[in-house]
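Could you have a look at this structure, given as structure tokens, before my questions?
In what follows, every chain begins at residue 1, and chains take the letters A, B, ... in the order their sequences are listed. These numbers come from a predicted model, not from an experiment.
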Amino acid sequence: MNRTLKTGLSIFRIRAAEGLQYRLAALSGATVSIFWVLIEVVVLTVFFKYSDSMGGNINGMTLAQGISYRWVGELMIMLPAQAVDSDLLKKITSGDIGIELCRPLDLYWHWFSRTAAGKVNSFVMRGSIVFAFGAMLSLLGFRSVGAGLPCSPLHFVLFIISLFWAFLFSTAYGMFATSIRIGLEWGDGPINLITVTGMVLSGSFLPLQLWPDFMQKFLRLQPFASYMDTPARLYVGSTDIRPGLFFMAVQLAWIAAFVVFGRMIMKRKVKNVIVQGG
Amino acid sequence: MLKEIKIYFKFIKMHILSGLEYKGWWMMCVQTVFIVITDPISVLLLFSRFGGIGEWTMERILLIYALAVASFGLAESFCRGFDYFPWKMIQSGDFDRLLLRPHSLFTQVAGSYFHLHRLPRPITGIIAVIWLLSRMNVPFSPLNFIILALALAGGVLTYTGVFIMTSGLAFFTIKGLDWIYIFTNASYQVTRCPIDYMPKLLKNAFTFFMPMLVISYYPASAVCGWGEPVFTGFLALPAGVAFLGFSVAIWKVGVRHYKSTGS
């Protein structure tokens with residue numbers, strides 16, 4: 001256990017350092033995200049300002065909060081973007097998984113650290129660049145399109161914790177998807193399907209608060225709010241502290257659930273894995 | 001020319017057959033349909049939350065969106081080879097092999113990638129256009145049909161142009177071309193914003209530089225009578241040809257500039 005932990009941490013460090021080298025590619029990717037967020041900001045503004053039922057506060061969310069939500073959300077987009085780490089996918093499809101199985105490490109935690117490193121990379125190289133841009137817009141005086149300050153210091157502290165939970169959740173979920181992908185002869189279709197579902201339900205398409213009222217209960221309890229909705233809500237303060245703590249508990253529960261599921265499925269799959277060729 | 005077309009379809013057939021080897025190929029198609037349907041979900045939810053925006057109803061927004069998606073989908077189905085080109089061919093050096101073959105580079109690159117799961121996107125888009133038009137009680141007159149067909153043709157040329165431009169630029173930069181995404185998958189997201197309220201800069205960029213609105217909004221306006229001058233509805237094809245010409249020029253310069261990167 002101790003050794004697995006130590007190796008896991010080194011793998012994490014190596015992979016993270018490797019990924020950080022592609023700075024130019026990251027900037028170019030961030031441009032697209034910035035463009036994307038700006039369009040969404042425009043769309044939200046148009047709806048809040050000009051729609052027939054002009055609303056200042058929709059289900060506890062104002063326009064300014066909605067815009068900040070979108071920028072902060074970019075910090076977490078790293079998470080849903082790609083469920084199965086591309087390197088691991090290559091290992092699974094090429095049969096290199098056989099070599100991985102020979103290592104005296106617990107496969108689950110070994111791959112867990114790799115997946116986690118991938119998430120950190122896109123967080124540093126993409127999410128934070130995009131968010132910094134949003135914050136800069138506000139500083140330069142474009143308040144109506146830029147990211148705002150956190151609601152209160154307490155909200156901010158909870159946001160940081162919840163962000164870390166989101167990171168763990170996305171890694172656990174990524175490992176869950178990876179376990180399903182092992183030995184799957186169906187190609188990437190099924191995995192992509194659940195990834196897209198996860199993205200839609202995470203709030204990255206539209207803050208979950210703005211979804212229809214009858215769905216709100218379901219939206220709060222489903223796993224994918226843990227990706228970005230919960231931290232983003234805490235940052236902009238469109239939720240009070242007490243319900244916020246409840247959402248964070250939901251996050252923790254889902255992290256545990258996905259680790260357990262992921263390990264279970266992986267154990268079963270690895271037993272039956274067939275590696276062809278040499 | 002005929003020979004090139006024959007070769008192109010031979011390539012396509014090969015790709016289809018190899019794609020069918022995967023048991024889950026239909027699943028990929030389902031996935032594309034799912035993505036096409038969930039993409040505009042935020043617009044649907046916003047309309048259900050806020051109601052219409054003056055004259056702008058959900059149908060209007062969706063019609064413009066569907067037109068752009070259908071064009072993009074068709075171009076993507078048949079020319080995505082160009083889009084993968086920088087990654088697959090330049091970085092690996094495989095492009096050298098193409099240069100040696102006695103065939104048009106265009107055919108070879110365009111036919112270098114095809115997958116069945118690309119097709120559901122344009123099909124869903126076209127079905128959506130027809131459904132939305134009948135919902136808005138727009139008559140299917142011959143004139144309307146011609147406008148829409150021209151829009152689609154122009155749209156395919158425009159998006160093919162974007163793909164070719166990506167490849168052309170890849171000769172110079174090799175890496176870090178992700179920003180071109182703004183003109184491919186991200187471009188039709190712009191149509192979610194009602195045109196009347198769209199920032200000038202955005203509107204001009206997607207009208208005069210990359211004519212995305214010319215192949216979606218203006219034809220839709222001409223067909224449904226939203227008040228833009230009718231002749232603008234016919235500009236899709238010329239705009240597409242112009243943009244494609246511009247891209248091909250970049251590509252040509254790129255090919256001349258090419259130095260092998262591979263081993």
Contact class of Thr197(A) relative to chain B, heavy atoms under 4.5 angstrom: both
Which atoms of Trp211(A) come close to chain B, meaning under 4.5 Å heavy atom to heavy atom: side chain ones, backbone ones, both, or neither? both
Look at Arg49(B) together with Asp213(A) and state whether they make a salt bridge at an N to O cut-off of under 4.0 Å. yes
Val72(A) side chain near Met76(A) side chain, heavy-atom distance below 4.5 Å: yes
Toward chain B, the part of Phe35(A) with a non-hydrogen atom under 4.5 Å: side chain
Bottom line for Leu38(A): the part with an atom under 4.5 Å from chain B's heavy atoms is neither
Heavy-atom closest pair (Tyr227(A) atom, Ser170(A) atom, distance to 0.1 Å) is CE2-CB, 3.6 Å
Between Ile41(B) and chain A, with a heavy-atom cut-off of 4.5 Å, which part of the residue counts as in contact: side chain, backbone, both or neither? side chain
Is a donor from one side chain sitting under 3.5 angstrom from an acceptor on the other, for Tyr65(B) and Asp39(B)? yes
Picking from Leu210(A), Val200(A), Thr45(A), which has the most non-hydrogen pairs under 4.5 angstrom with chain B? Leu210(A)
Salt-bridge criterion met for Arg126(A) and Glu74(A) (N-O under 4.0 Å): no
Highest number of heavy-atom pairs under 4.5 Å with chain A among Pro199(B), Ala186(B), Ser48(B) belongs to Ala186(B)
